[in-house]
Structure formats: structure tokens, C-alpha cells
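Here's the structure we're looking at; comments come further down.
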Amino acid sequence: MRLKNIVYIVFLVCLFIIISCKKEEQAAGWDVNVLCPVIKTSLSINNIVPDSLLKKNPDNTLTLTYQNKVYSSGYDNIYNLGDTSFITSLKLDSITLGNHSIVKSTSLGNILNTSGYSFISALNGGYIIIPAIGPLKPNSFEIDINDYFKNATFISGWLDIQIENGLPIDIQNVTFQLKNHTKGDVVASQTFAGIPAHSKVIQTSSLDGKTVEGKLDVTISGISSPGSSGLVLLDTSNAIKTTVTVRSLNPLIATAVFPAQNLINKSKDITLNVTQALFNEITILKGTVEIEAYNTIQDTIKFWYDIPGAKKSGIPFTAYSVLPPAPKGGVSSIRKSYDFKGYDLNMNGSDGKSYNTFLNSARARIDSTGKIVTISRNDSIYLKISLKGIVPEYAKGYLGSKNYPQTGTTALTLFSKITSGKIDFKDLSVSLSCINYVGADATIKINKLTASNTNSKSSIDLTGDFLNNTYNIIRAKDNGFNNITPTLTEIKLNNNNSNLRQFFENMPGNISYNIDMMLNPKGNASGGNDFIYYNKGVDVNLNIEVPLNLIANNLTLEDTIDFDMEKMTSGKSVRKGMFTLIADNGFPFEARVQIYMIGNNNQFLDSVITNTNIYKAQTDKNGMVTKQNRSKLYLPFDENKTTKLYSTKKFIIKTIFNTFDDQYVKIYSNYRIDFKLTADFEYRYIK
């Protein structure tokens, strides 16, 4: 148990006894003196220094071992991928319209009747010689396809005109003309010189660059026939059948019923703005992919955004959305966010040879709805893709060659309880260990280390030949799955190559450092096989080993303990008392104890003990303890001080140690102080 706790026990036990020894309450009251039993406890070095920091030597002397991380370099700017956004406007790859055919027929009977040979029709079913006919009057009719086609301007397309002669006579000089009904411009015009009986002929016209309306005027003119060369069966239902087919239509703009089709299928490499490293691959620890999409197409768009090189459990990253139809003359939009955590991202681009680059692709599709909509090749899907808050868990590639200057201050807790005084270590050794968890070579150069005592405000710079020397740090080994075999580089310091004793005898609470860390001093020596894991860099630790063989001069330890008199006494009245602390000191140096009462707002109320000595143990000529030495500490409390106890919120306890004659004193594992406590007090007994 620590010394501060012993003093605190004095108060706790005595106050407890005050309460527990009371008699039944009566109407009248009087003062009562009570002598309380003795308690025992011991204080050894293990109570002052944690066991984990003490090493027991074969001769039972002790060595203090301590490790403190000076700093850890994670090369944060290597990971600084930042928020990356890229914008692209995806024009439609193509628009296709389905193939459409219109069939019109003119019977032989109709031809005879309109050409003045109606009397021949009366011979229907018989064998006759059909005389020469024609040329016939032009035959005009309309084609109305507005139910599935309003108008279109074509980049490319074809118009097929097929005339099938089902008559028993040849026909010739057939002229076919197709015009837009509203504008009257000619869409296609073809002349068929001759079409034998019972045969068909096809001619094709290009629609490239032409605009076609949904209502068309067709004129067939100039039809004539040499008649039959002999008897033929007259069947007036025989006909000339004209088939008009539009096919392979690739419009620039069209108002029509569109069939289901892919409108966009485009891929593009995106290069991240990484300033230092050349990454081949990264694994995402956290981050999101945010997609903003704007649609000018007047149809529902099924939209996919893919990063083929980003895979999670072997499945590529795909974001699927449905874009609503754009209003006429306007746009529709969506905004979505997708978790990117856990994806392995290939950064070699589409050619497999790039770095910091990944392939992304976008696909857009419409399904056939049966509704007439307007779609133009000038329509587009406007995309803004953002990678936000991307933090790699792992990265592989070339991490770059750069110096990373490191300056800062780290707390040293070894002397945190010592508020004043001096200490002189006979010997100590210190090393700076550089533990490299990064798959890249490095060098370290220590420019400056400063020990600052936060109490006395004094500072000492560490000096020695090791300063400004460059030390090589070997790369770590990656065993996969965040299993790293780090490398260790040690810089050893001792009293011969530095002012180590003065540095640590200043009992620093902080150590300031100025260090240069150079990554890949020889460039890309790994051929792009460097690696780094999140929160894994180069740890620089300060390792201290101090044999407990020292000189102490007014070495002061200070601590505080909370206190609440009302809570402890349940409001009962304690008048005064005398507490006696018996200390059997088994340490070869003396100590003084000071205890102060502190109220609200940290104001000083009173002292409990001031500079009360605990005598050192008896020792032999070698300085080893042969017998404990007893000291008695008296802690009187009058009514005034007892009143202050009720205002006390905490105690400040100071313990001051001194060795004698400037002789180094060894601390052994069996050294201890035994404490006994008696209490003689007076309290008000109420009847």
C-alpha cells in the first residue's frame, strides 16, 4: 500500500471507529474518550513502482525498466487520398428504332376497271388474251404510322421498297415516290423498269440525314404492261403488292415508341490525385461512393455504375439506380451514396500498367413502354461520381521517396509523482528502438531530444555522437491478412556516449523531439512492392533501464486523495483526537511526510502533518539494511481543526526522501516500511 494511502487510512479508520463505537442516543450528552485497536500495513518498493516496471536481479537488487513511445509515423500523407470527384457527360451511344413494314395491294380487277378495260373483268375465271395496258393513272395513298412513330431525323437508316407482281402479265416503268405529308419533301423515289409476272423486285434507298414524318404520302405512277402473249387465266383478285420497310434506323432525334435497348455503355480510366505514392492496389477501410445523375431523356432509365476492379468477396462494385423520365425541356435526377468499405481496388487501370488509376463504367438502358417519347442523340446522362472519406486499410505499390520531418512532444510518466528535489542515478542505459511495420526501407536521423521538467521548468538537451547520424531501417515483411513481421533498429545510449545521466536526472515530464524520417532513401528498390497498413508506421520507443542504486536529495512525491467528512460521519459530531502512526522503516534513507487539508476551489485550509520525519533503517558497512528503525508520527486534532475537516474536500500528501553523505543506495526487493496505527479520540455522546 502506498504511503499516501496509509495516511488516508488514518482518517478513515479513526472516523469509522468514532462512529462504530458510539452508544445509544439519550436525551442528555457528554464527551467520551475511546482508545481504538491497532491496524497494520506495509509499504514496499512494489507499492511505489508497479511490478511490471521492476526487474529482480539475482542479488535481490531491483532494476527499473520503462518504455515510452516517443512517436509513431504512419506516413499519413501517403494515405491522403482526399475527396475525389469527377464529372462526365455521357452522350447516347445510339438510338435504335424497330424495323417497320407497310403493305399495300392493287388488284388486277382494280387496274382493269380504272384503265377502261372493265369489260374484261366480266370474263373473270376464263382464259383470255390480256391486251397491253397503260400507262395507268398515278395511284396515291397515305401511310399513317403515328401510333408508334411521329417523326425522326436519321443519322443512318434504310428504306426498302419491294414490289411483288402477282399478275399473270409483266409490268414495267413503275415509279414509286414517298413524301412527308406535312412538309411535302421527298423521302425516297425509285423506278422499276420491269417486273416479270409472278415475281418481285426490291430497291433500297438511304435515309441518312433525312427527316421522316409519321404520316407519309405514297404515289405509284407510270405502271404499264405489254399484255399477255397468249391465253392466260384471268383472276381479278391477283394483285400488285407493294411493301415499304424501314430498317437499321439510327436516329439523331426521334419521337416514337422505342424498343428496349442499351443507350449508353462507356468505360473510362480515372486517376486519383495522389501526390506521393504510386499505388497498384488498395483495400478500403472506410469511405463512400456518391453518385449524382442527371437525365435529359424522356424515358425511364435503368442505370448501372460499375468499378470492375473494386471487389468485395470476389464481387465487383456495382451501383444500380433508376432515373425517372425527364420532363420536356428539363432534367430528372437522383443522388445516392454507397458504402465502399472492404473493397479491394485494383489501381493499374484498364491497361494493367498504370498506377493510382481505376477503370469505371456506366451503362444506361430503356425498356419498351409502348409510349411515344422523344429521345435525341444529344440527350445525355450527366454524372458526378465522388469518392468521399476514402481511407485505405492497406496499400501496395511504390510509397515514394521523401523525407518526413517529425517534431513534437511526448509525455513521460516515469517521474510524474515527483514534484521537486533531485535524484542521482549511479548508472542507467537507454535505447531508442525503431520498430518498422512498413514494407519499405527507411532511415532515421535524430536532430534533437530535450528533457523538460514540468515542475521546475528546467530543460536539458541530450548530447552525444549519435545525434545527426543516419541509421538504416530495414523494411518489414508482409505475411498477408494484416500479419506483419516488423524489423527492429536500436540506437543505444549510455553514460559514455551521451549526457544520459544529466538528461534523466532532470526528471522530465515531457520529451520534445526533432527527427527526420526518410522513406525509400534508395528509391523504388522493391519494384513497386512496398506496402503499408492503416495505423502501422515506424514506432520510435524510448527504453530505459535503471538499476535502483541512487542518491536522493529532497526527492518529493506528491499526490491527492478525495475526502468527504459529512459522508463518512453521517453528520455525527467528532470533537477532537490524537492519532499515532508508528512507522518501522526498512529503507536505508529517511523520509518526511507533509499532509495538507484542501477545501473547495483548491484553497488551503490547514496542515495535518508538517515535516514529520520517518527515520532511516539501520545499515551495515555495505549500506545494506540490518534492522528496521521505528518512528512515531502524532496527528492531533483540536475542535478548530476538526471543524475544518468538515470543509475538506481532499488531502495533498507530500513525501520527501533523502539519502545521506552523497552515497549511492541500492534498493532491494525485501525493503519495506511497516505501519501501525492507534487512535485516542473524543466525541460528543448525545442522550
Side-chain angles (χ1 to χ4, degrees), residues 1-14 36-49 54 61-62 64 415 417-424 507 548-561 563 577-597 606-620 622-637 641 651-680:
M1 184 180 296
R2 300 174 58 189
L3 183 58
K4 67 168 188 176
N5 294 334
I6 300 306
V7 178
Y8 187 47
I9 288 174
V10 172
F11 296 106
L12 294 181
V13 172
C14 294
C36 292
V38 175
I39 66 167
K40 296 182 179 182
T41 190
S42 295
L43 171 67
S44 69
I45 190 65
N46 301 88
N47 301 111
I48 300 173
V49 179
L54 291 173
T61 58
L62 297 174
L64 176 64
F415 306 104
K417 296 298 183 181
I418 300 175
T419 59
S420 63
K422 295 182 179 180
I423 191 169
D424 183 355
M507 295 181 291
L548 290 185
N549 188 2
L550 53 86
I551 296 173
N553 183 8
N554 289 328
L555 192 63
T556 304
L557 277 70
E558 181 178 307
D559 210 343
T560 62
I561 53 175
F563 184 78
M578 174 68 72
F579 309 136
T580 304
L581 182 66
I582 302 171
D584 292 314
N585 189 4
F587 284 95
F589 44 79
E590 68 176 19
R592 298 198 314 276
V593 179
Q594 300 172 351
I595 304 176
Y596 303 99
M597 301 157 61
D606 206 339
S607 61
V608 180
I609 301 176
T610 305
N611 290 329
T612 300
N613 286 337
I614 297 176
Y615 302 114
K616 72 171 186 174
Q618 297 180 20
T619 59
D620 60 17
N622 296 316
M624 293 186 65
V625 172
T626 58
K627 184 180 179 181
Q628 291 180 321
N629 206 353
R630 173 166 290 188
S631 302
K632 289 187 177 182
L633 281 70
Y634 297 98
L635 289 71
F637 281 85
K641 188 170 291 189
F651 292 101
I652 292 180
I653 302 173
K654 292 185 178 181
T655 306
I656 302 98
F657 295 99
N658 282 284
T659 54
F660 287 89
D661 302 325
D662 292 331
Q663 296 294 316
Y664 290 99
V665 176
K666 291 183 179 180
I667 306 299
Y668 289 82
S669 59
N670 59 344
Y671 285 1
R672 71 179 191 276
I673 301 177
D674 296 323
F675 293 98
K676 297 178 182 179
L677 177 68
T678 61
D680 187 2

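Between Gly586 and Gln628, the closest heavy-atom pair is CA-CG, 3.7 Å.
Using a 4.5 Å heavy-atom cutoff, the side chains of Arg630 and Ile582 are in contact.
To the nearest 0.5 Å, the span separating NZ on Lys627 from CG on Asp584 amounts to 10.0 Å.
Checked by atom type and distance alone, the side chain of Asn585 pairs as donor or acceptor with a backbone atom of Tyr615 at under 3.5 Å. A distance-only check finds no donor-acceptor pair linking the side chain of Thr619 to the backbone of Pro588 [under 3.5 Å].
Checked against side-chain hydrogen bond (donor to acceptor under 3.5 Å, both in side chains), Glu590 has no partners two or more places apart in sequence or in another chain. Asn629 is linked by a side-chain hydrogen bond (donor to acceptor under 3.5 Å, both in side chains) to nothing, counting only residues two or more places apart in sequence or in another chain.
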